[in-house]
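What you see is a predicted model; the values in this text were computed from it and never measured. A note on names: the letters A, B, ... follow the listed sequences, proteins ahead of strands, and every chain is numbered from 1.
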Number of protein chains: 2
Amino acid sequence: MATRKTLVVGDSVVGCCGTLGSQVLSVGEADDLAQIFGALADPARLRMLSMIASSDEVCSCALEQPLEKSQPTISHHTRILAAAGLIVGERRGRWTWWRAVPERLEAVARLLSD
Amino acid sequence: MATRKTLVVGDSVVGCCGTLGSQVLSVGEADDLAQIFGALADPARLRMLSMIASSDEVCSCALEQPLEKSQPTISHHTRILAAAGLIVGERRGRWTWWRAVPERLEAVARLLSD
DNA sequence: TCCTTAGATCGATGACTGTCAATGTATAGT
DNA sequence: ACTATACATTGACAGTCATCGATCTAAGGA
């Protein structure tokens, strides 16, 4: 049996995946992974994540204009990225500051190529 | 400016992406990447890719039963994975044999973690 | 030349997703 | 308290997607 890493998706803990090719994914693993890739499968979210990962921290208010989306839409997308564990938000005063979670990106990357 | 690799999506060639975090993605880059992640964002396709990557070659006919999907659905999913460059198919006689494209998976992986 | 088989394509349908206007909920300043 | 601000949530709508039955195409075999 291949090495297994632990990956957290939303609330559920997933024993996850030597590599895509090392062993056939179970239905449950595939569902959880699909959620993560689904979060990455939207251009607006990819640009959003790219912006957040490029800076140390980004305020929600700084995303609206460059992405040319309304405030509710930005909120919707940050929610999905956060649910996938790709970003984390911290509310300080009136602003929510978002940070990327590099370990998360690396976990997904390892899954694809190890 | 960050290192740029070349990535082919379907027919179009994309100058693509030091890393998500190294520089903000353009709209065009984000669209192309979203297509790739979209191909990975379905549980049936992930299991399919996992099966193909685990063997050397897999016949379409060998996917129907374990995935519990109809033949048109299998055909639909292989098409999407192939359009994203993640698998390639070769028709030999009556059967189509599918192979994974590891370089492709690695290119995506590098994008996430380099 | 038929018949069979593997796979692709078409058409329909139900489910999901991105989007925004309107509204709700805190927080900060006055 | 009152007002303004930064986000979240809700509701609605349009567009996309997964799925399958039916049909089509191409390749073998009899």
Side-chain angles (χ1 to χ4, degrees), chain A residues 9-10 25 27 30-52 55 57-84 86-99, chain B residues 9-10 25 27 30-52 55 57-84 86-99:
Chain A
V9 180
L25 294 176
V27 174
D31 284 346
D32 291 330
L33 280 173
Q35 193 214 330
I36 301 178
F37 286 120
L40 294 168
D42 181 272
R45 282 198 292 273
L46 278 176
R47 299 222 302 144
M48 187 181 252
L49 178 59
S50 163
M51 287 176 195
I52 296 172
S55 315
E57 278 187 326
V58 178
C59 171
S60 288
C61 56
L63 296 169
E64 227 164 298
Q65 213 170 41
L67 292 176
E68 297 179 291
K69 304 286 180 193
S70 71
Q71 178 271 317
T73 298
I74 298 294
S75 180
H76 169 70
H77 287 311
T78 51
R79 209 169 99 90
I80 289 175
L81 286 175
L86 296 166
I87 61 175
V88 289
E90 187 191 347
R91 187 135 195 183
R92 289 206 293 275
R94 289 195 246 195
W95 289 268
T96 301
W97 295 91
W98 297 98
R99 303 179 148 275
Chain B
V9 180
L25 294 176
V27 174
D31 284 346
D32 291 329
L33 281 173
Q35 192 215 330
I36 302 179
F37 286 120
L40 294 169
D42 181 273
R45 282 198 291 272
L46 278 175
R47 300 224 300 145
M48 188 179 252
L49 178 58
S50 163
M51 287 176 193
I52 295 172
S55 315
E57 279 187 325
V58 178
C59 170
S60 288
C61 57
L63 296 170
E64 228 165 298
Q65 212 170 41
L67 292 176
E68 296 179 294
K69 303 287 180 194
S70 71
Q71 178 270 319
T73 300
I74 298 294
S75 180
H76 170 70
H77 287 311
T78 50
R79 208 169 100 91
I80 290 173
L81 286 175
L86 296 165
I87 61 175
V88 288
E90 187 191 348
R91 190 137 194 183
R92 290 208 290 277
R94 288 196 247 197
W95 289 270
T96 302
W97 295 90
W98 297 98
R99 304 178 148 277

Please tabulate, for the side chains in residues 60-68 of chain B, all donor-acceptor contacts under 3.5 angstrom to protein atoms that are two or more places apart in sequence or on a different chain.
from, atom 1, to, atom 2, distance (Å)
B/Ser60, OG, B/Trp98, NE1, 2.7

First and last nucleotide of DNA chain C touching chain A, 5' to 3', heavy-atom cut-off 4.0 Å?
C/dG18 to C/dA28
Ranking A/Arg92 and A/Asp42 by the position along DNA chain C of their nearest nucleotide, the one closer to 5' is A/Asp42
Between the side chain of [X] and the main-chain N/O of [Y], is any donor-acceptor distance below 3.5 Å?
X       : Y       : result
B/Arg45 : B/Ala39 : yes
B/Thr96 : B/Arg91 : no
A/Thr78 : A/Ile74 : yes
B/Ser55 : B/Ile52 : no

Counting just side-chain N and O atoms, does B/Lys69 come under 4.0 Å of either OP1 or OP2 of D/dT19?
yes
Hey, mind stepping through A/Arg79 and A/Ser75 against side chain to side chain contact (heavy atoms under 4.5 Å, CB included) and telling me if it holds?
CA-CA 6 Å; A/Arg79 209 169 99 90; A/Ser75 180; 5.7 Å; no
Yes or no on side chain to side chain contact (heavy atoms under 4.5 Å, CB included) for B/Phe37 and A/Asp42, after CA distance, side-chain angles and deciding distance?
CA-CA 8 Å; B/Phe37 286 120; A/Asp42 181 272; over 6 Å; no
Quick one: do A/His77 and A/Arg47 satisfy side chain to side chain contact (heavy atoms under 4.5 Å, CB included)? Show the steps, please.
CA-CA 11 Å; A/His77 287 311; A/Arg47 299 222 302 144; over 6 Å; no
Atom pairs under 3.5 Å: protein N/O with N/O of nucleotides 6-15 of chain D:
from, atom 1, to, atom 2, distance (Å)
D/dA6, O3', A/Arg94, O, 3.2
D/dC7, OP1, A/Thr96, N, 3.4
D/dC7, OP2, A/Cys61, N, 3.1
D/dA8, OP2, A/Ser75, OG, 2.9
D/dA8, N7, A/Gln71, NE2, 2.8
D/dA8, N6, A/Gln71, OE1, 3.2

